[in-house]
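Single-structure report; data block below.
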Amino acid sequence: MKNKFYIAANWKMNKTLKECSEYMDYFTNLLLEIPESKVIFCPPFSALFTMKSLLEETPYALGAQNLFWEESGAYTGEISAEMLLSCSVTHVIVGHSERRHLFGETDRMVNKRVLKALSSGLIPILCIGETIEQRNNNETLAVLENQLKIGLESVSGEEINKMIFAYEPVWAIGTGERATPDQIAEAHVSVRISITGIKMGNADNIPILYGGSVNSKNVSELLKIKDVNGYLIGGASLNADEFISIIQQTENYIKESE
Ligand code: PEP
């Protein structure tokens, strides 16, 4: 079976329940047929339950923006895998750069979250990416490799096959400054090589998404990059028209190139 193109919406700390309902009503009226893509909505925790109902009878999947590795207990502000599963969540973002840089999440913590997601049957979307300083010091590929090595510690090859990865240069997230096609291509090839080495097996079918200021104006350029299997989209996914345009351009491009 042919792999789908993944388009994940990271709504970050945005949208009340009313705004989620309005968005999804509008969205599902305009777009339901998406044979080539797998669209995943990652709303804030407060909206997961509402989104579960809004996504029923649609082809779209529900993702969360994080999870904690313990099952329950005195962990104020955290959320467990079981809680996410009870809202019909299937995917979970792990290691987002905002978690790493604003909230001090380390690669070791990211690894625990990946392991917990996998053992609970959730699909982790593991985010990795370099800062601008690391890029300027020519450390990008080494940083990515290290984030993968620690993030995937004790994860089996079979489990890696179930995962999704997202290359998100920190300097391109929410800045309007997208990485160039050459930078993206270089990073994605290198990430695939690293994953192949870590799992000691073929990683050709593992989805590697690009994230960082993707929008309806630049998506056509990104679609042509080999080894980009989808997008993780923040700002541009908050506006339904903008997000629909990205999905439609993707669907058209894939259909035309078949
Ligand atoms: C993100 O939140 O993962 C992201 C890529 O954000 P933006 O699209 O706004 O850069």
Side-chain angles (χ1 to χ4, degrees), residues 5-15 19-20 23 27 37-48 51 60-67 89 91-103 105 110 113-114 117 123-132 134-135 140 143-144 147-148 151 163-181 183-185 187-188 191 207-223 225 227-250:
F5 198 86
Y6 288 82
I7 308 179
N10 177 16
W11 283 353
K12 314 192 191 210
M13 198 176 73
N14 292 291
K15 295 207 186 290
E19 287 165 343
C20 288
Y23 183 111
F27 189 92
S37 340
K38 175 98 184 164
V39 171
I40 308 162
F41 285 99
C42 304
F45 296 145
S46 55
L48 286 174
M51 286 292 283
Y60 319 128
L62 183 58
Q65 296 174 18
N66 208 354
L67 90 167
V89 166
H91 295 70
V92 60
I93 298 173
V94 176
H96 191 277
S97 83
E98 284 150 18
R99 297 301 318 171
R100 292 175 187 264
H101 296 282
L102 298 176
F103 300 98
E105 285 193 14
V110 170
R113 294 181 202 277
V114 168
I123 299 170
I125 303 174
L126 173 57
C127 302
I128 52 171
E130 81 288 1
T131 62
I132 194 64
Q134 289 164 333
R135 175 159 285 277
T140 299
V143 166
L144 298 178
Q147 288 174 337
L148 286 170
M163 293 180 60
I164 299 174
F165 293 82
Y167 167 59
E168 298 209 303
V170 178
W171 47 273
I173 298 180
T175 57
E177 195 189 339
R178 186 180 48 70
T180 65
Q183 289 170 329
I184 299 171
H188 279 238
V191 167
I208 305 175
L209 321 186
Y210 168 76
S213 298
V214 175
N215 60 39
S216 63
K217 303 212 169 49
N218 60 32
V219 70
S220 59
E221 202 183 342
L222 300 174
L223 277 165
I225 308 172
D227 273 309
V228 172
N229 312 113
Y231 312 118
L232 179 51
I233 305 177
S237 72
L238 291 170
N239 178 293
D241 283 320
E242 177 74 4
F243 195 44
I244 287 171
S245 167
I246 293 170
I247 298 166
Q248 259 163 353
Q249 289 184 56
T250 305

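In each ligand, atom 1 is the first atom listed, and ligand 1 is the first ligand listed. For the single chain, residues carry numbers from 1 onward in sequence order.
The single protein non-hydrogen atom nearest to atom 1 (C) of ligand 1 is His96 NE2, 3.2 Å, given as residue, atom name and distance. For atom 5 (C) of ligand 1, the closest heavy atom belonging to the protein is Glu168 OE2, 3.1 Å. Protein heavy atom at the shortest distance from atom 9 (O) of ligand 1 is Gly235 N, 2.8 Å.
Close contacts between ligand 1 and Gly212 involve ligand atoms 5 (C), 10 (O) [criterion: under 4.0 Å to a heavy atom]. Of all the atoms in ligand 1, the ones that sit under 4.0 Å from a non-hydrogen atom of Leu232 are 3 (O), 5 (C). Set against the non-hydrogen atoms of Gly174, the atoms of ligand 1 under 4.0 Å away are 7 (P), 9 (O), 10 (O).
Partner His96 forms a side chain to side chain contact (heavy atoms under 4.5 Å, CB included) with one of Asn10, Val110, Asn66, Leu126 and no other, that one being Asn10. With respect to Lys217, the side chain to side chain contact (heavy atoms under 4.5 Å, CB included) criterion is satisfied by exactly one of Val214, Asn215, Val219: Asn215.
Put simply, part of Ala172 is less than 4.0 Å from ligand 1, judged by heavy atoms. Judged by the shortest distance from any of its heavy atoms, Ser213 lies inside the 4.0 Å radius around the atoms of ligand 1.
Between Gly234 and ligand 1, at least one pair of N/O atoms sits closer than 3.5 Å. Considering backbone and side-chain atoms together, Ile173 places no N or O closer than 3.5 Å to any N or O of ligand 1. Taking distance alone, with nitrogen or oxygen atoms compared against 3.5 Å, Asn10 approaches ligand 1 more closely than that limit.
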Legend entry - Check against side chain to side chain contact (heavy atoms under 4.5 Å, CB included), Glu130 and Tyr167: CA-CA 9 Å; Glu130 81 288 1; Tyr167 167 59; 3.0 Å; yes
Legend entry - Check against side chain to side chain contact (heavy atoms under 4.5 Å, CB included), Arg100 and Val170: CA-CA 10 Å; Arg100 292 175 187 264; Val170 178; over 6 Å; no
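Of all heavy-atom pairs between Leu62 and Pro43, the closest is CD1-CD, 3.7 Å.
Looking only at side-chain heavy atoms (C-beta outward), His101 and Thr131 come within less than 4.5 Å of each other. Using a 4.5 Å cut-off on side-chain heavy atoms (C-beta onward), Thr140 and Gln183 make no contact.
For the residue pair Glu168/Tyr231, the side-chain donor-acceptor check at 3.5 Å is not satisfied.
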